[in-house]
Amino acid sequence: SQQGEEDPQALSIQEGENATMNCSYKTSINNLQWYRQNSGRGLVHLILIRSNEREKHSGRLRVTLDTSKKSSSLLITASRAADTASYFCATDARYGGATNKLIFGTGTLLAVQP
Amino acid sequence: EAQVTQNPRYLITVTGKKLTVTCSQNMNHEYMSWYRQDPGLGLRQIYYSMNVEVTDKGDVPEGYKVSRKEKRNFPLILESPSPNQTSLYFCASSTRTWGPLHFGNGTRLTVT
């Protein structure tokens with residue numbers, strides 16, 4: 001079952017602009033994570049935000065979490081061509097008492113034009 | 001260097017010919033997992049393992065087998081591959097079931 005859904009599906013911006021992508025999810029979570037995937041390669045963990053946190057920063061990345069709206073956003077400031085990649089949110093969820101596991105969304109494809 | 005290593009990177013095979021995709025991690029992680037990635041469907045979990053000799057089904061386990069005889073290795077076995085198993089496969093590991101996950105570089109499998 002799909003937990004997270006990213007929006008938009010694709011985003012094209014110019015180098016130096018900011019990129020914002022959003023993630024909505026359905027069930028209660030303990031944490032939400034963002035990953036980056038360069039074309040056809042493995043996903044790389046970017047940042048984790050816990051359910052009791054509202055905002056977190058890591059370098060040019062800023063993540064917000066609104067648990068009341070079940071949504072998160074990832075902001076990449078001053079984008080570079082090297083930021084071109086797909087970005088996925090992943091939420092941990094407990095299903096019927098089973099062990100928590102990560103559920104991934106379908107991703108946002110970001111293209112940064114030089 | 002901490003890493004998850006998958007082999008092979010690319011694999012083309014025919015229907016019904018058994019194959020194994022290997023996965024090895026050098027981070028002493030208890031948790032390992034296999035995912036498949038298909039356009040429009042995101043990443044879907046196939047099988048996971050909480051520790052040696054402990055494995056369980058994910059969301060799409062049909063047609064796959066796994067084993068965890070050693071902590072570092074978690075091979076994915078397709079006993080009789082079919083064309084609907086053509087996909088990009090990822091192995092991942094972590095200290096916890098909910099991550100953060102460390103991913104391998106993927107295996108692109110084509111079954112004709």
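Chain letters run A, B, ... following the sequence lines, proteins first and then strands; every chain starts at 1.
- Contacts between A:N38 and chain B at a heavy-atom distance below 4.5 Å are absent for every atom of the residue.
- Salt-bridge formation is not detected for the pair B:R68/B:E53: no Lys NZ or Arg NE/NH1/NH2 atom is positioned less than 4.0 Å from an Asp or Glu carboxylate oxygen.
- Not one N or O on the side chain of A:S72 forms a donor-acceptor pair closer than 3.5 Å with the backbone of A:C23.
- For the options A:Q9, A:E6, A:Q37, heavy-atom pairs under 4.5 Å to chain B are most numerous at A:Q37.
- Only the side chain of A:L48 comes within less than 4.5 Å of a heavy atom of chain B; its backbone N, CA, C and O stay farther away.
- For B:L101, the parts sitting under 4.5 Å from any heavy atom of chain A are the backbone and the side chain alike.
- Residue B:R9 touches chain A through its side chain alone, counting heavy-atom pairs closer than 4.5 Å.
- The hydrophobic clustering, which links ILVMFWY residues whose side-chain heavy atoms are closer than 4.5 Å, places B:V60 and B:F90 apart.
- Classified by interplanar angle (parallel below 30°, tilted 30° to 60°, perpendicular above 60°), the ring pair B:Y35/B:F103 is tilted.
- Heavy atoms closer than 4.5 Å to chain A are found in the side chain of B:Q45, but not in its backbone.
- At distances below 3.5 Å, at least one donor-acceptor pair connects side-chain atoms of B:W34 with backbone N or O atoms of B:F74.
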